[in-house]
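Positions are given from 1 along the sequence. Bear in mind the structure is a predicted one, so any value in this text is a computation, not a measurement.
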Amino acid sequence: MSAPRFNQLSLPKAQIDVLDSLGYQTMTPIQAQSLPAILEGKDVIARAKTGSGKTAAFGIGLLQNIKPQWFAVQSLVLCPTRELADQVGKELRKLARFIPNLKIVMLCGGKSIGPQIGSLENGAHIVVGTPGRIQDHLRKKTLDLSDVKTVVLDEADRMLDMGFVDVMHDILGQTPKQRQTLLFSATYPDGIAKISRQFQQNPVTVTVESEHQPAVIEQLFYEIKKHERNNTLRALFEHYQPKSVIVFCHTKKQCDEVAEWLNSQRISARAIHGDLEQRDRDQVLACFDNQSCPVLVATDVAARGLDIKNIDLVINYELPRDPEVYVHRIGRTGRAGEKGLAMSLAVEADAPRMAAIERYLNQPCRCDVPASLDRDASFSLQSDWTTIQLDAGRKQKMRPGDILGALTGDAGLAGTSIGKINILDMSSYVAIANDDVRQALNYLAEGKIKNRSVRARKIR
């Protein structure tokens, strides 16, 4: 049976045209199951993993209720992390191309609150942000939620984990009681049911199975002694020789130590965790996204909301305590019809965790030993790309085409020498082929983009 198509829904033709332009013709399971109820204005509680298409599901729904001629906050999307909020904001902007003069404002911590206040003073239709910063604006009375029609709690389970329950209560208490509340969660702990009872009215429940088919993601557990972790980690790289990897660790300290050790092994890696400043987090994610850094060493919270395709391998440096977290981790690979690899290091004390994973997946954990891995001591993993940061972004009206045009025009670089370009609010990141970095920097030191000088520096 073929997947249902977006044009079967009661959507404006302009919205269908935008979806077609984005390559969205057929709906994912979460979209097919939740969108009809969302479009009817019902509350929805949806359980689905990252990468399932949930952002488009609630995004398409909330856009139908926006009145662009009325400059008031009509939709609020709460996200647990700045990275996820940024991802959601970008997706909403793409989906909303058919609505003229629509304004989406991002309110996240780690950035100066002054420009955010200025942006709100000029009006906004949709606010996307993290609970702490949204609460800051409410306390300062720079944000008014009295006209909100739709509230989205995205990855609500992670907001619970991060201790945002009271903050969510405070924020939703300042929205109208008669509103639509959409709750999306990758897992379903007891706290989610409690939040639903408190914030929703007769919600429609939608569940899309999180399990990954063995045919899509190959999963192996390597039984090791505790002192063998690093050596086995190196062996996995030598055997599989991946191009893009996420290594999951439990703690911030462990992330830093593992990343440092991998770099000492000629494997280019960077760590991401909650202690990084926003600027450093943006840099790390940009480098991983544009492939100038092939390995990301991350905690679960820091990696939440990542939607980066073509990840060859996920490695659990330590097994998580919760089997649903394990499923969420390995779901980073094997996307978009590609096959993926998920390897886990397991010590004897991890037996209860493996048993919990087996029960959750209803399948045995396939185990192996490091001695089975074919090793190549000469293996190294370095990127052919280097990331350059430009001190101009969306707020300065910078577009990818402006950067590409300057570098392939006046700077004289070939188009094949320029990789992915990411535009953030106040900065931009562009991947340049290693051999052409000096030429690009020399031009940017003297030349201009959009008739203005832009400071540039190499960050990876």
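- Distance check: Glu155 CD to Leu183 CG gives 11.5 Å after rounding to the nearest 0.5 Å.
- Salt-bridge check for Glu228 with Lys225: failed, with every basic side-chain N at 4.0 Å or more from each acidic carboxylate O.
- Separation of atoms CD1 (Ile246) and CD1 (Ile311) is listed at 3.5 Å; rounding is to 0.5 Å.
- Ion pairing between Glu324 and Arg329 fails under the 4.0 Å rule for side-chain N and carboxylate O.
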Checking side-chain contact (heavy atoms from CB on, under 4.5 Å) for the pair Ile418/Thr408: CA distance, chi angles, key distance, verdict? CA-CA 8 Å; Ile418 301 168; Thr408 57; 3.5 Å; yes
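- Side chains of Thr387 and Asn290: a donor-acceptor N/O pair is present below 3.5 angstrom, by distance only.
- Side chains of Asn434 and Thr386: a donor on one and an acceptor on the other come within 3.5 Å.
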Begin with the C-alpha distance, continue with both residues' side-chain angles, and end with the deciding distance and a verdict on side-chain contact (heavy atoms from CB on, under 4.5 Å) for Leu220 and Glu218. CA-CA 7 Å; Leu220 275 175; Glu218 180 184 351; 3.9 Å; yes
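- Within 6.0 Å of atom CZ in Arg266, more than 12 heavy atoms from other residues, nucleotides or ligands are found, so the atom counts as buried in its surroundings.
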Can you check side-chain contact (heavy atoms from CB on, under 4.5 Å) on Leu62 and Ile126, steps first, answer last? CA-CA 9 Å; Leu62 68 83; Ile126 301 172; 3.6 Å; yes
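- You'll find the ring centres of Phe58 and Phe184 inside the 6.0 Å limit.
- The backbone N or O of Trp385 lies less than 3.5 Å from a partner atom in the side chain of Ser383, making a donor-acceptor pair.
- At a threshold of 4.5 Å between non-hydrogen side-chain atoms, the residues Val105 and Leu107 count as touching.
- In this view, Asp154 and Lys54 satisfy the salt bridge (charged side-chain N to carboxylate O under 4.0 Å, His left out) rule, not counting sequence neighbours.
- You'll find the side chain of Tyr429 reaches within 4.5 Å of the side chain of Leu424, heavy atoms only.
- For Gln389 and Arg457, the side-chain atoms include at least one donor-acceptor pair closer than 3.5 Å.
- Between Leu345 atom CG and Glu318 atom CD the span is 9.0 Å, to the nearest 0.5 Å.
- Salt-bridge check for Asp402 with Arg399: passed, with a basic side-chain N closer than 4.0 Å to an acidic carboxylate O.
- When side chains are defined from C-beta on, Cys287 counts as touching Arg270, because their heavy atoms get closer than 4.5 Å.
- Two residues are said to be in side-chain contact when any heavy atoms from C-beta on lie closer than 4.5 Å; Ser21 and Arg97 meet this criterion.
- With values rounded to the nearest 0.5 angstrom, Met159 atom CE is found 8.0 Å from Ile192 atom CD1.
- By the salt bridge (charged side-chain N to carboxylate O under 4.0 Å, His left out) test, Arg321 is found to be paired with no residue, residues two or more places apart in sequence or in another chain being considered.
- Listed for the Gln396 side chain is a donor-acceptor partner under 3.5 Å among the backbone atoms of Gly393.
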Can you list the steps and then say if Gln64 with Leu11 is a side-chain contact (heavy atoms from CB on, under 4.5 Å)? CA-CA 8 Å; Gln64 308 317 306; Leu11 294 173; 3.8 Å; yes
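- Lys252 is linked by a salt bridge (charged side-chain N to carboxylate O under 4.0 Å, His left out) to Asp275, counting only residues two or more places apart in sequence or in another chain.
- The salt bridge (Lys or Arg N to Asp or Glu O under 4.0 Å) analysis of residues 428-438, with sequence neighbours excluded, yields no pairs.
- For Glu91, the CD atom sits in a packed shell: over 12 heavy atoms of surrounding residues, nucleotides or ligands are nearer than 6.0 Å.
- Among residue pairs with one or both ends in residues 374-388, those qualifying as salt bridge (Lys or Arg N to Asp or Glu O under 4.0 Å) are Glu238-Arg375; sequence neighbours excluded.
- Here Gln116 contributes atom CD and Asp425 contributes atom CG; the two are 9.0 Å apart, rounded to the nearest 0.5 Å.
- Summarising the local packing, CD of Glu358 is surrounded by more than 12 heavy atoms from other residues, nucleotides or ligands at distances under 6.0 Å.
- Electrostatic pairing of Lys253 and Glu257 counts as a salt bridge here, judged by a charged N lying under 4.0 Å from a carboxylate O.
- Separating the CG atom in Leu22 from the CG atom in Leu95 is a distance of 6.5 Å, to the nearest 0.5 Å.
- Residues that satisfy the side-chain contact (heavy atoms from CB on, under 4.5 Å) test with Pro203, not counting sequence neighbours, are Asp43, Ile45, Ser196, Gln200.
- Aromatic rings from Tyr326 and Phe221 are positioned such that their centres are separated by under 6.0 Å.
- When only modelled atom types and interatomic distance are considered, Tyr222 and Asn316 share no side-chain donor-acceptor pair under 3.5 Å.
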